[in-house]
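Take a look at the structure below.
So you know, we letter chains A, B, ... as the sequences are listed, proteins then strands, and number each from 1.
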2 protein chains.
Amino acid sequence: MHTQYMSIRHGLLALLEREPMYGYQLRTEFDTATGSTWPLNVGQVYTTLARLERDGLVAAGEQDDDGKVRYAITDAGRAELREWFGTPVEATDRPRDELAIKLALAVTVPGVDVASVVQRQRASTMTSMQDLTRLKRSGDPSLSWSLVLDAMRFQLEAELRWLDHCETVLTRTGAPR
Amino acid sequence: MHTQYMSIRHGLLALLEREPMYGYQLRTEFDTATGSTWPLNVGQVYTTLARLERDGLVAAGEQDDDGKVRYAITDAGRAELREWFGTPVEATDRPRDELAIKLALAVTVPGVDVASVVQRQRASTMTSMQDLTRLKRSGDPSLSWSLVLDAMRFQLEAELRWLDHCETVLTRTGAPR
DNA sequence: CGACACATGTAACACGTTACATGATTTG
DNA sequence: CAAATCATGTAACGTGTTACATGTGTCG
């Protein structure tokens, strides 16, 4: 089994561990839990559900009185979920860091104004940071959403620190223009 | 044009801006620049090159004396690259943070020992951190690789801080077992 | 000669994304 | 009644991943 790009798969599985749900509801619950940080397209839910069913991790129930199809997690699904929660996210199976790649390559390509790239990125990152703060102040987020927001905050802070670090290194190395 | 999952595309484009290269060389250079942090499968290079050529961003040159095919960046490719370097990576078009999703959902699913999930993750993250330190000490990384390593370090540090934060919040909320 | 790096590619498949089609229900 | 929300799905396409096939050159 692959270990990459399975957040949605596992996320839906986790939601179904709470109770059987139908597709539309899953999207709502997912967005509630993560605070619409990474909005989930409804279509994606259905395709993912189909794949989960194909793999025997969920089972579609009979049609509701209203025509709604409730999905339930299976034993195999529960095992998969336990596995997911029990296994840490390794540094190696994370998606490539686009920003890191961008700067790493920027310094190797002649004619690229790296300092300017860094500055523009920092402006953007700081804006995101402010949006985040505003978001956090504006509502009464649930525990899970609150944790997600904090994760974003810590990550953006680290990015700002790294950008500063890059600037320092670059000026020290002496790479003007 | 999508803005997600294009690191490899743009990365190769950036390498070709330095000088025309053939596929195998691109993999080597990519791994050198990023320090094999996210090793690149050779096959991926060729498929990506084919797509880049399809989109008119690179052009395949004549076969070498040795049968090697050198690819060169086109004007359109150069424009695309300028665009990439000039546009910051937005917080919204980053891939979903699997760890954040995992913990966010873990706290909503009954029967999950969240504290234990956090602890296991921290152990793993700290191990990655040590590997990183060892790696950094062991060699004489180039500027670009060094920056990538630093990015990883800052990110892992942020993750550790966040995990601590989660633990604090969770014990404060009082969610034992 | 055997193993290994160099070099190029293809095929099958994974997940993720967007756009579209369709209809029922609710609400202003 | 019109618009929005609820609800389910499909189709086409994108990048990324892995495994496989194929051949050359080099070095011990």
d(NE2, B/His10; P, D/dG14) in whole Å: 15 Å
Polar contact flag, side-chain donor to acceptor under 3.5 angstrom, A/Arg120-A/Ser116: yes
Using a 3.5 Å cut-off and no angle test, enumerate the donor-acceptor pairs between side-chain atoms of residues 104-111 of chain A and protein atoms at least two apart in sequence or in another chain.
{"residue": "A/Thr108", "atom": "OG1", "partner": "A/Leu105", "partner atom": "O", "Å": "2.8"}
{"residue": "A/Thr108", "atom": "OG1", "partner": "B/Arg18", "partner atom": "NH1", "Å": "2.9"}

Euclidean distance, atom CG of residue B/Leu40 to atom C1' of D/dT15 [Å, nearest integer]: 13 Å
Pairs flagged by ring-ring contact (aromatic ring centres under 6.0 Å, His included) wherever residues 71-115 of chain B is involved - sequence neighbours left out: B/His10-B/Trp84
B/Gln121-B/Thr125 side chain donor-acceptor pair, cut-off 3.5 Å: yes
Interatomic distance where CG belongs to A/Leu52 and P belongs to D/dG9 [whole Å]: 14 Å
Candidates C/dT17, D/dT15, C/dT8 - which lies nearest the side chain of A/Ile8: C/dT17
Phosphate OP1/OP2 of D/dG16: any A/Arg94 side-chain N/O under 4.0 Å: no
Touch class at under 4.0 angstrom, heavy-atom based, for A/Arg54 against every strand present: sugar-phosphate
Selection from D/dT17, C/dG16, C/dA7 that lies nearest to any side-chain heavy atom of B/Tyr46: C/dA7
Axis bend over the full length of the helix from C/dC1-D/dG28 to C/dG28-D/dC1, computed from five pairs that close each end, to 10 degrees: 20°
Separation of D/dG16 C1' from A/Glu98 CD (nearest whole Å): 14 Å
Residues touching DNA chain C, which here means a heavy atom under 4.0 Å, drawn from residues 23-39 of chain B: B/Gly23, B/Tyr24
Set of residues satisfying salt bridge (Lys or Arg N to Asp or Glu O under 4.0 Å) with respect to A/Arg134, sequence neighbours excluded: A/Asp131
Lys/Arg N to Asp/Glu carboxylate O, B/Asp164 vs B/Arg161, below 4.0 Å: no
Touch class at under 4.0 angstrom, heavy-atom based, for A/Val42 against every strand present: base
Nucleotide nearest B/Asn41 when distance is taken to its side chain, options D/dT18, C/dC15, D/dG9: D/dT18
Interatomic distance where CE belongs to A/Met6 and P belongs to C/dA14 [whole Å]: 11 Å
Side-chain donor-acceptor pair present, B/Thr133, B/Arg137, cut-off under 3.5 Å: no
Any A/Tyr22 side-chain N or O less than 4.0 Å from OP1/OP2 of D/dA7: yes
Euclidean distance, atom CD of residue B/Glu53 to atom P of C/dT10 [Å, nearest integer]: 11 Å
Selected nucleotide, minimal atom distance to A/Thr47 side chain, candidates D/dA11, D/dG16, C/dA11: D/dA11
Lys/Arg N to Asp/Glu carboxylate O, A/Glu159 vs B/Arg94, below 4.0 Å: yes
Proximity to the side chain of B/Tyr5 - top-ranked nucleotide from D/dT17, D/dT15, D/dT10: D/dT15
Along DNA chain C (nearest heavy atom to each residue), the more 5'-positioned of B/Arg51 and A/Gln44: B/Arg51
Smallest separation among heavy atoms of A/Leu132 and A/Leu156, with atom names: CD2-CD1, 4.1 Å
Pairs where residues 94-151 of chain A contributes a residue and the test ring-ring contact (aromatic ring centres under 6.0 Å, His included) is met, not counting sequence neighbours: none
Whole angstrom value for the distance that separates P of D/dG14 from CZ of B/Arg9: 9 Å
Whole-Å distance separating the CG atom of A/Asp93 from the C1' atom of D/dT17: 13 Å
